[in-house]
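Report on the structure given below.
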Amino acid sequence: MREKLNPHNKKVYEDILVYIRLNYKSEDAETEEVLNELLSHVLQAQRDGKEIESVTGEDYKAYADSIIDALPKRNIWKFSGILAVILLGITYTFSYLPNLIFNMIDGAPTTITIHLIASLANLLIIPAIGIGIVYFLFHSLQYSLFKNWPPWKEYGFYFLIGGGAFLIYMFIIFAIALIDIGPSFEIILWFPVLLGIILLAAGLYMLFSPEDNAGQYENK
């Protein structure tokens, strides 16, 4: 249905759509219902010879914010917990999987020395920083909408924000990996790899499971 919009209406509608979807505080199902209703209204206005402004007004951001304010709110703490599980899964899987593969290829022992303090830092700091970066990216992408920037400025902004966030996250991971103080012990590399895969799978299941999503929202 979106393809039926003229170029101007389509551009504004898609900006509003992305802006609202980047709002992580609102219920997904209700969000999609509202976006579909908005599309129907815009299509009707277009058939009547009107532009999207007849539905949204001239201030697109204010209109999108009014929709967000009216949507049911997600349980942010539970949502953040799910993101933390996913980030831990990604960290464990991709931090230890290369070592496991190369050790197996070289015929080296598939064990690694783990430092307790570094492991605790992984459990506490990386998820917190990662969640902060994810929310920062959402807000940054929202900020870039409705700006009418030239392509070079828009893509340059995305590159700087995305690349900067990635470098910060990777720097923190490598900095924690350099911690070698406190008690240490050896473990089989299969353990953190499998743990990472299990955490990642569990987090994605909780994120996309309809049954679990039903419990992510605050009772009103």
Side-chain angles (χ1 to χ4, degrees), residues 14-15 17-26 28 61 74 76-106 108 112-182 184 187 189-208:
E14 288 180 344
D15 278 356
L17 179 146
V18 173
Y19 185 90
I20 293 175
R21 282 181 175 171
L22 285 172
N23 166 54
Y24 52 85
K25 297 179 182 179
S26 300
D28 295 334
K61 181 178 180 299
R74 186 195 304 267
I76 287 297
W77 289 108
K78 187 168 185 177
F79 182 64
S80 297
I82 292 173
L83 287 182
V85 172
I86 293 173
L87 289 170
L88 275 177
I90 292 172
T91 300
Y92 277 117
T93 301
F94 294 101
S95 293
Y96 295 102
L97 184 59
N99 290 333
L100 176 61
I101 293 173
F102 289 132
N103 284 11
M104 291 178 67
I105 292 173
D106 295 338
I112 191 171
T113 301
I114 298 294
H115 295 276
L116 183 60
I117 293 178
S119 296
L120 291 175
N122 271 325
L123 287 172
L124 300 175
I125 297 176
I126 288 181
I129 297 296
I131 291 169
I133 289 175
V134 168
Y135 289 162
F136 171 73
L137 289 175
F138 285 171
H139 284 291
S140 298
L141 292 174
Q142 282 184 318
Y143 172 80
S144 70
L145 297 169
F146 315 123
K147 297 292 185 183
N148 292 320
W149 284 344
W152 69 267
K153 186 173 183 179
E154 182 178 358
Y155 291 114
F157 177 79
Y158 296 154
F159 176 79
L160 290 175
I161 293 298
F166 175 77
L167 289 175
I168 291 172
Y169 188 67
M170 294 307 297
F171 173 79
I172 294 170
I173 289 176
F174 285 118
I176 291 176
L178 294 175
I179 297 175
D180 60 357
I181 58 176
S184 62
I187 63 169
L189 277 167
W190 281 105
F191 176 74
V193 171
L194 291 176
L195 177 61
I197 293 172
I198 291 170
L199 288 173
L200 181 57
L204 292 174
Y205 175 79
M206 289 187 289
L207 184 64
F208 295 109

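If you read the sequence from its start, that first residue is 1, and numbering goes on from there. What you see below is based on every heavy atom in this structure, not just the backbone, and it leaves out hydrogens, waters and symmetry mates.
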field: Test item: Ile86 and Leu199 side chains (from C-beta on) under 4.5 Å apart, heavy atoms
entry: no
- prompt: How close do Ser80 and Ile131 get, heavy atom to heavy atom, and via which atoms?
  reply: O-CD1, 3.1 Å
- prompt: How about Leu87 and Tyr169: do any of their side-chain heavy atoms sit closer than 4.5 Å?
  reply: yes
query: For Tyr143, does the OH atom sit with more than 12 other heavy atoms under 6.0 Å from it, leaving out its own atoms?
result: no
- prompt: More than 12 foreign heavy atoms under 6.0 Å from CH2 of Trp190: is that the case here?
  reply: no
- prompt: Less than 4.5 Å apart, any side-chain heavy atom of Leu207 and any of Phe79?
  reply: yes
message: So Ile126 and Leu88, do their side chains get closer than 4.5 Å, heavy atoms only?
response: no
Closest approach of Asp15 to Leu145 (non-hydrogen atoms, all atoms of both residues): O-CD1, 3.5 Å
- prompt: Under 4.5 Å between any side-chain heavy atoms of Ile197 and Tyr92, yes or no?
  reply: no
- prompt: Does atom NZ of Lys25 have more than 12 heavy-atom neighbours from other groups under 6.0 Å away?
  reply: no
- prompt: Which word best sums up how the rings of Tyr135 and Tyr24 line up, parallel for under 30°, tilted for 30 to 60°, or perpendicular for over 60°?
  reply: parallel
message: Restricting to non-hydrogen atoms, name the atom on Pro98 and the atom on Thr93 that form the minimum distance, rounded to 0.1 Å.
response: CD-O, 4.3 Å
Heavy-atom closest pair, residues Phe157 and Ser140: CE2-O, 3.3 Å
- prompt: Got a sec: does the CG of Asn148 have more than 12 other heavy atoms crowding it under 6.0 Å?
  reply: no
